[in-house]
Visitor: 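Below you will find the structure I want to go over with you.
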Amino acid sequence: MTRKYGVLTATACVVAVLGLTGCGNDSDSKSDKASQEPKNELADLSAQQISDKAKEALLGATSLRMKMDQGTGAESLKINLALDNKGNCNGTIGDGQGANSELIKADTKVWMKPNAKFWTQPDVGGKEGQAAAELFKDRYIHGTTDDDMLKDNADMCNLAAMQASIKSDSDTKDKLTKGEPTKLGNQLVVPLTGPSDDGAKQTMYVAATGTPYPLKISVVGGNEPGTVELSDYEKPVDTTPPPASEVIDIAKFEEQFGK
């Protein structure tokens, strides 16, 4: 009774464009002079140079938030996770059909709270799904990364593994097109556009002020269209455990369902 949302799926989207979405310094000037615009600090760099700097910034990050919406239908993947390079995380993992799990991981300890839709999926709970949905309603299942049920989702928390995959990936040096500076919220960014192997159009938006973090990747067309956003770089990940009254030990689950 498990459901795997592979970290490789998320990582592949990042590797494809040699970066992800980051959060440069927002422009928060209190001046009334609306004409004052931040300077594009990447103006003199080529598309490949910007991509290389974005990759370097991403590899140097110790924590970030990743929001991902990729694919369609039952195979879609929706992620909103704050994670760090020590393997800690806090957020949600789900799909486009409404199934999701809240996840907290602190070192090897894991708390996962699936919703009812998760339990009642044919490939998860089967005939036992409804009973599990009732038993664990609004409760976190607590165990460790050694527990098969929790391990797959806990693997999503490994920022260091994602960075290692990006670092080891050989740069394709595919032609990248540098676009005109634009805004993502209040952040000035430079878009870099290039092709993917399946014919999709991929655009990476890189912070044009401060650290050149990649802030967003948009994939249009191809086999897995979607977006990835990275923010909250270098912010601590909250791994506060849920209240004991909302927690059930995984041993109870195994006792109840014989898993």
Side-chain angles (χ1 to χ4, degrees), residues 1-15 20 63-129 131-133 135-166 224 226 228 237-239 241-242 246-259:
M1 185 183 286
T2 61
R3 175 74 178 247
K4 183 175 183 179
Y5 299 104
V7 66
L8 294 180
T9 302
T11 303
C13 187
V14 180
V15 171
L20 270 180
S63 65
L64 54 83
R65 175 174 294 278
M66 177 171 65
K67 294 179 68 177
M68 180 176 181
D69 188 346
Q70 185 181 31
T72 58
E75 299 303 317
S76 62
L77 181 64
K78 294 182 181 293
I79 298 172
N80 187 346
L81 279 180
L83 61 161
D84 64 27
N85 60 1
K86 296 180 180 179
N88 303 309
C89 75
N90 186 332
T92 60
I93 302 172
D95 63 26
Q97 305 301 303
N100 69 72
S101 297
E102 295 181 29
L103 185 66
I104 301 172
K105 179 175 178 288
D107 195 16
T108 61
K109 298 178 181 179
V110 183
W111 294 262
M112 185 177 77
K113 183 167 73 172
N115 66 358
K117 183 70 173 179
F118 174 96
W119 289 117
T120 55
Q121 294 175 106
D123 61 334
V124 178
K127 295 179 179 179
E128 301 169 339
L135 180 61
F136 301 115
K137 183 179 180 180
D138 298 326
R139 300 268 186 104
Y140 287 85
I141 298 174
H142 173 46
T144 73
T145 52
D146 290 331
D147 295 307
D148 289 341
M149 180 182 179
L150 303 175
K151 184 180 185 301
D152 288 336
N153 278 357
D155 284 346
M156 291 293 297
C157 300
N158 199 335
L159 175 60
M162 184 174 74
Q163 290 170 320
S165 178
I166 294 170
E224 294 185 326
V228 180
V237 176
D238 182 4
T239 57
E246 298 179 10
V247 175
I248 293 180
D249 193 272
I250 194 169
K252 183 174 179 65
F253 169 86
E254 294 171 340
E255 177 185 347
Q256 181 76 18
F257 296 100
K259 300 294 181 180

Visitor: Which pairs, with at least one residue in residues 142-165 and sequence neighbours excluded, count as a ring pair (Phe, Tyr, Trp, His ring centres under 6.0 Å)?
Guide: Trp111-His142

Visitor: Check Cys157 against Leu103 and note the closest heavy-atom contact, atom names and distance.
Guide: SG-CD2, 3.8 Å

Visitor: Looking at every heavy atom in both Ser101 and Met112, which two are closest together, and how far apart are they?
Guide: CB-CG, 3.8 Å

Visitor: Quick one: pull up OG in Ser76 and CD in Gln97 and give me the separation to the nearest 0.5 Å.
Guide: 6.0 Å

Visitor: Roughly how far, to the nearest 0.5 Å, is CG of Asn88 from CD1 of Ile104?
Guide: 11.5 Å

Visitor: How long is the straight-line distance from OG1 of Thr92 back to CG of Asn100, given to the nearest 0.5 Å?
Guide: 6.0 Å

Visitor: Quick one, Asp146 and Thr108 - any side-chain contact, counting heavy atoms below 4.5 Å?
Guide: no

Visitor: Taking all atoms of both residues into account, what is the closest heavy-atom pair of Val110 and Ala154, and its distance?
Guide: CG2-CB, 4.0 Å

Visitor: Would you say the side-chain atoms of Asn158 pair up with the backbone N or O of Asp155, donor to acceptor, closer than 3.5 Å?
Guide: no

Visitor: Specify the closest pair of heavy atoms between Ile250 and Gly143, including all atoms of both residues, with the distance to one decimal.
Guide: CG2-CA, 4.2 Å

Visitor: Output the distance between atom CZ (Phe136) and atom NZ (Lys252), rounded to the nearest 0.5 Å.
Guide: 7.5 Å

Visitor: Identify the two heavy atoms, one from Val237 and one from Ala82, that lie closest to each other, and give their separation to 0.1 Å.
Guide: CG1-O, 3.7 Å

Visitor: Which atom pair, heavy atoms only, marks the closest approach of Gln163 to Asn85?
Guide: OE1-CB, 4.2 Å

Visitor: How many angstroms lie between OG1 in Thr145 and CG in Leu150, if you round to the nearest 0.5 Å?
Guide: 9.0 Å

Visitor: How would you list, by chain and number, every residue that makes a salt bridge (charged side-chain N to carboxylate O under 4.0 Å, His left out) with Asp69, sequence neighbours excluded?
Guide: Lys78

Visitor: Among pairs that include at least one residue of residues 103-114, which meet salt bridge (Lys or Arg N to Asp or Glu O under 4.0 Å), considering only residues two or more places apart or in two chains?
Guide: Glu102-Lys113

Visitor: Side-chain contact, heavy-atom cut-off 4.5 Å: Leu64 with Leu83?
Guide: yes

Visitor: Would you compute the distance between atom CG of Asn115 and atom CG of Asp138 and round it to the nearest 0.5 angstrom?
Guide: 10.0 Å

